[in-house]
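Okay, so here's the structure we're looking at.
Please read all numbers here as calculations on a predicted model, not as lab measurements.
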Amino acid sequence: MIDVLVVVFHPDTTQLKALLDSVLQANQAGVPLAMRVWHNDGDAPVSGEVYALYRDIQQRGLSLTIGGGEGNLGFGSGINRLLKDSTADYVLALNQDAIPEDGALAELWKYAAGDDAKVAAWEMRQIPFEHPKNYDPVSLDTEWVSGAAVLLRASAMREVGGFEPRIFMYGEDVDLSWRLRCAGYRLRYVARAAVVHHTYSKAHEVKPLQALGSIYVNLCLRARYAGRRQIAQGLSMAFAEMMLPESFPGRRLGIAKAILRFMRNYSYFWASHKGAPGFEPRFAGWGYEVRRDGAFHSFVPRDQQPKDLPVISVLIRTHKRAAFLRQALTSVLHQTHRPIEVVVVEDGSDEGQAVCNEFADRLDVRYFRITPGRGRSVAGNRALQEARGEWMCFLDDDDLFFADHLEVLLQTVREAQLKGAFALSWRTTTQVIDASIPTYNEVRLDSVPDEPFSRVTLWHHNFMPIQAVLFHRSLFERYGGFAEDMHQLEDWNLWTRYTMQDDFVQVRKTTSKYRVPAEVSHTLERQGKLDDAYKDAVARQGQMKFNADPAFVRKLAEDYVRSNALIHVGRDQVRARFASSPMLARLATLRHVLRRRFS
């Protein structure tokens, strides 16, 4: 059984009704749910609009218990109060304005029901704005889970003591997550199960209570999980922020109060120090994670998406890397977009079919083998020829998609009405320990390509990693596939042809990662091959032709200037500025007169 725990405080009745209806719908669809609501705004209601909502949902068959009347306990302590009376094996903590999408709770329960006993939490994705923290695209492990929408193993919650009562709000979920990890539990992020949660009214919104509360909590967590050096660093950050211009009225005073509040609670958090082998707290400024770019990319709720979303073909070339192929396919399985088909083409070896068979009941996977092997360009062309989707993308066997990769790119191309898009990617410097498992260390993450689409730049060098691009099948039908005698930079040659007449568009969100070797010898060998291939690729570009009118050439020139300038101000912008200012217009006229007189 799952008890849905909701702490309410002067709720919006429209949102509360939507939340109750969503839980009831999931319960009627077979998810074993009951609901417990705690009122931080007074006693449990016995009349009025909110009471009518509760009575209606109870009469429609949902088990609902209501409590309150102990004052405003804050979010964490409110959940603790509900947990005290719960006998369920799992509890789902939900903000009062976090509305599960249709089918999301069933998807969440599917992940959790058969999961490892050492997994204690399964976080739901929030839309329209997903939290940008990093997670493992294969295992879905994450360093901390948001309390806004998270399924928790009740026994694990009780084992670590629930939420920290001295954290009223903001950061109590990080503290709980770290205590669970110190107790040996793992945490997961389930992107395919989403809630609509309008936590921000607009992108990049600054929320004063969150900003100030986060400073207090961050200092407390440094005292509990780190040492005096980290505490000193946090205090120096807080004092430095007091010297900056205020981003909202009262910020300096609020920071001072946060520091004083921390000093009053310092001994308590220091005395409750937590740690465990393999656990290391991450303090990234006032945050707690490595962040993926694109925090405010806006996702469209499922009920507002087109009903006939197109099939995307994910094309995977593989050769003697079964364990890595398994991880790549797992990252496709976790995609939030559906429908998907996967075309796997193995070049020469025969390890991939058994791996593909493991996914046959969960993914539309088709496997092909080329024997004897003829190289990855031939394998890529076979995948292109076999693909049935309207849209296509490549995923090499050692690369990975984050769960939103296909959704982000498809949404972008449809909104831009173009035939191609590319997202930011992490170039992941990787030290492979054992390729057969696989085990590896990710030494460094570099975000690429951090530049908008430009033909001139692309035709000079390839800035679009192969797995970062989504393209329409009509480009393949018009320009063909890879040059089969190319064994390096074949993707650059392909993108060059595909962008002869068609613009692509960049989306500034990190949605994938690809590996480069950490070993210096491998890096030098790889770079040597790329340098040799570059000369050949440039020579091939010299044989390409395209039609252009003056407007197209002008756009190329503007792209060139933009790609080589830190700040670009065009002549049209300068003219417009002069025309809008009488003083500048008079200076321009005077310059023109003097120039004519003395020329």
Side-chain angles (χ1 to χ4, degrees), residues 76 118-123 125-126 130-148 150 152 156 160 163-164 167 169-191 210-211 213-238 240-241 258 262 266 269-270 272-295 400 402-403 424 426-431 439-447 509-510 513 518:
K118 295 307 290 181
V119 179
W122 299 263
E123 178 187 357
R125 180 169 66 139
Q126 297 179 52
E130 175 188 44
H131 195 285
K133 66 177 183 287
N134 183 29
Y135 62 92
D136 188 315
V138 180
S139 68
L140 304 181
D141 283 0
T142 185
E143 294 184 307
W144 65 271
V145 292
S146 169
V150 59
L152 296 150
V160 301
F163 284 103
E164 169 56 59
I167 301 177
M169 62 190 304
Y170 299 121
E172 73 280 12
D173 44 11
V174 179
D175 173 69
L176 175 65
S177 298
W178 286 1
R179 279 186 284 119
L180 286 168
R181 289 176 60 199
C182 287
Y185 290 102
R186 296 164 61 191
L187 319 171
R188 300 222 202 269
Y189 178 66
V190 186
Q210 182 181 29
S214 296
I215 290 175
Y216 161 73
V217 173
N218 190 282
L219 294 171
C220 293
L221 297 194
R222 288 171 188 265
R224 173 169 282 174
Y225 297 98
R228 289 187 172 87
R229 179 178 297 179
Q230 283 282 9
I231 297 171
Q233 183 189 65
L235 288 170
S236 66
M237 288 165 47
E241 290 217 17
F262 163 68
Y266 165 75
F269 282 97
W270 181 261
S272 62
H273 189 83
K274 300 290 182 183
F279 169 76
E280 187 169 341
R282 186 187 300 278
F283 294 101
W286 299 122
Y288 309 96
E289 66 282 318
V290 175
R291 290 197 166 198
R292 297 189 291 144
D293 287 308
L400 298 171
F402 287 103
L424 295 181
W426 271 339
R427 181 174 56 219
T428 309
T429 303
T430 305
Q431 180 184 37
T439 55
Y440 45 82
N441 291 325
E442 294 184 343
V443 179
R444 191 173 66 251
L445 301 170
D446 299 307
S447 188
K509 183 174 176 66
T510 302
K513 56 200 302 186

Within a strict 4.5 Å, meaning less than it, do heavy atoms of the [X] and [Y] side chains meet?
X      : Y      : value
Tyr288 : Val217 : yes
Asp141 : Arg188 : yes
Arg444 : Arg427 : no
Leu445 : Val290 : yes

What's the spacing between [X] [atom1] and [Y] [atom2] if we round to 0.5 Å?
X      : Y      : atom1 : atom2 : answer
Phe262 : Leu235 : CZ    : CG    : 5.5 Å
Asp446 : Leu424 : CG    : CG    : 12.5 Å
Thr429 : Tyr440 : OG1   : OH    : 14.0 Å
Thr428 : Asn441 : OG1   : CG    : 12.5 Å
Leu400 : Lys513 : CG    : NZ    : 6.5 Å
Asn218 : Asp175 : CG    : CG    : 12.0 Å

So, does [X] use its side chain to make a donor-acceptor pair with the main chain of [Y] at under 3.5 Å?
X      : Y      : value
Arg292 : Thr510 : yes
Ser177 : Val145 : yes
Arg125 : Ala191 : yes
Ser214 : Ala211 : no
Arg222 : Gln230 : yes
Glu172 : Tyr170 : yes

Applying side-chain contact (heavy atoms from CB on, under 4.5 Å) between Glu143 and each of Lys133, Arg181, Glu280, report the one that passes. Arg181
Test: Glu164 and Arg179 ion pair at under 4.0 Å: no
Are Arg228 and Trp270 in a cation-pi contact, defined as NZ or CZ under 6.0 Å from the six-membered ring centre and within 45° of the axis? yes
Would Gln126 and Ser146 count as a side-chain hydrogen bond (donor to acceptor under 3.5 Å, both in side chains) if you check the C-alpha gap in whole Å, the side-chain angles of each, and the deciding distance to 0.1 Å? CA-CA 9 Å; Gln126 297 179 52; Ser146 169; 3.1 Å; yes
Parallel, tilted or perpendicular: which describes the rings of Tyr189 and Tyr135, with under 30° parallel and over 60° perpendicular?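 Aromatic pair Tyr189/Tyr135 classed tilted.
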Run the salt bridge (Lys or Arg N to Asp or Glu O under 4.0 Å) test on Asp293 and Lys509 for me, step by step, so that the C-alpha distance in whole Å, both residues' side-chain angles and the decisive distance to 0.1 Å come before the verdict. CA-CA 5 Å; Asp293 287 308; Lys509 183 174 176 66; over 6 Å; no
Sorted by chain and number, sequence neighbours left out, side-chain contact (heavy atoms from CB on, under 4.5 Å) with Tyr185 holds for Lys118, Ala120, Ala156, Glu159, Leu180, Ala183
Test of ring centre spacing under 6.0 Å for Trp426 and Phe402: yes
